[in-house]
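Working notes, structure below.
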Amino acid sequence: MAVTGTNQSPPALSATAHDGDDSLPVVLIHRFPTFTGSLFPSLPTHFRLLDLLTTDASNLQSASAILCVGPPPPVTPEFLDRFPSLKIVVCSSVGVDHVDLPECRQRGIVVTNAGSAFAEDVADYAVALLIDVLRRVSAADRYVRAGSWPVKGDYPLGSKVSGKRVGILGLGRIGSAIATRLAAFGCQIRYSSRKEKPSLPFPFYKTALDLAANSDVLIACCALTDETFHVINGEVMTVLGKQGVIINVGRGSLVDEKELVEFLLRGDLGGAGLDVFEDEPHVPKELFALDNVVLSPHSAVVTPESIGTLQDVVIGNLKAFFAGQPLISPVID
Ligand SMILES: O=CC(=O)O
């Protein structure tokens, strides 16, 4: 999961990247050209920020730290070749699928992510999407706004949330926060994760297929890796069944989007709540007409209230690195 989606700007950030005090440690900012937002307000107090898009590359050979804001364009081997002294890539997102982790590991470059800075925000949003799809909140809102209520009468009933078997794909910080919330709603939680977590009271299923076969709703919130690419495929959708619902707050490519569109168009799935897509910001147009689908522009990620925590994590990781201390949220170290 991303501080932002693939190319969105985080909200409410307020100091632009700039050269600063020469005595401060240098941090290179890696961002999309379209990122017109600004950086965390107190970042320039601690570091001299050099924007990769506006700084002469020949000045950057000795830089040891990069801050990815976004996520930005992919951090590939070719990108890393430009920075021979690089030792750390700090990401403001939870998801780090834009970073070639094996390559970083091989080069001895550590990578950090946003840790738990906005796990609650994403979990809240996943629950919102689930309730919206099942109880048809957005669709009913459209019905009222279109003036249909007095003309066509009552809107069709939605489906009960309590009691639903909810399969969570990825029981990390976000998945766990979703589980806590939905358990309080009376849902029956089960999960699939890289590893079983025996201390948790929820049933564990080894594969997405087994999880889907035992769930009414599948929530994707795991990291996107080679192993989880299209982990929700046609076979998984088939066993989830005609009433089954898919919620995705992770990455678009966790779900085979073409298959998903086909299943929804044929009525072979009950619905979907999608905050992420395979080719953001482009969303399959076929979904626009479907009232059992809730679409959202990679908005689950963070709230202004969580930006302060995110800033602490980002700055904390950079400070720890320059001080030779343990990192706060290493993904590889
Ligand atoms: O999508 C959001 C994130 O990875 O932080």
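We count ligands from 1, going down the list as the structure has it; atoms in each ligand are counted the same way.
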- Query: Does an N or O anywhere in R251 fall below 3.5 Å from an N or O of ligand 1?
  - Reply: yes

- Query: Can you name the ring-ring contact (aromatic ring centres under 6.0 Å, His included) partners of Y143, sequence neighbours left out?
  - Reply: Y155

- Counting from 1 in the order shown, the ligand 1 atoms closer than 4.0 Å to a non-hydrogen atom of H298 are 1 (O), 2 (C)

- Query: Under 4.0 Å from any heavy atom of F118, which atoms of ligand 1 are there?
  - Reply: 5 (O)

- Closest heavy-atom contact between C221 and I168? SG-CG2, 3.6 Å

- Task: Using a 4.0 Å heavy-atom threshold (strictly under), name the region of V301 that reaches ligand 1: side chain, backbone, both or neither.
- Result: side chain

- Smallest separation among heavy atoms of L60 and L52, with atom names: CD1-CD2, 3.4 Å

- Task: Compute the shortest N/O to N/O distance between S92 and ligand 1 and return yes if it is under 3.5 Å, no if not.
- Result: no

- Identify the heavy atoms of H282 and F277 that sit nearest to each other, and give their distance. O-CB, 3.9 Å

- What pairs with F83 under ring-ring contact (aromatic ring centres under 6.0 Å, His included), at least two apart in sequence or on another chain? F79

- Message: Within the 4.0 Å heavy-atom shell around V94, which atoms of ligand 1 are there?
- Response: 3 (C), 4 (O), 5 (O)

- Query: Could you go step by step and tell me if V90 and F321 meet the side-chain contact (heavy atoms from CB on, under 4.5 Å) rule?
  - Reply: CA-CA 10 Å; V90 171; F321 164 72; over 6 Å; no

- Those atoms of ligand 1 less than 4.0 Å from some heavy atom in S93: 3 (C), 4 (O), 5 (O)

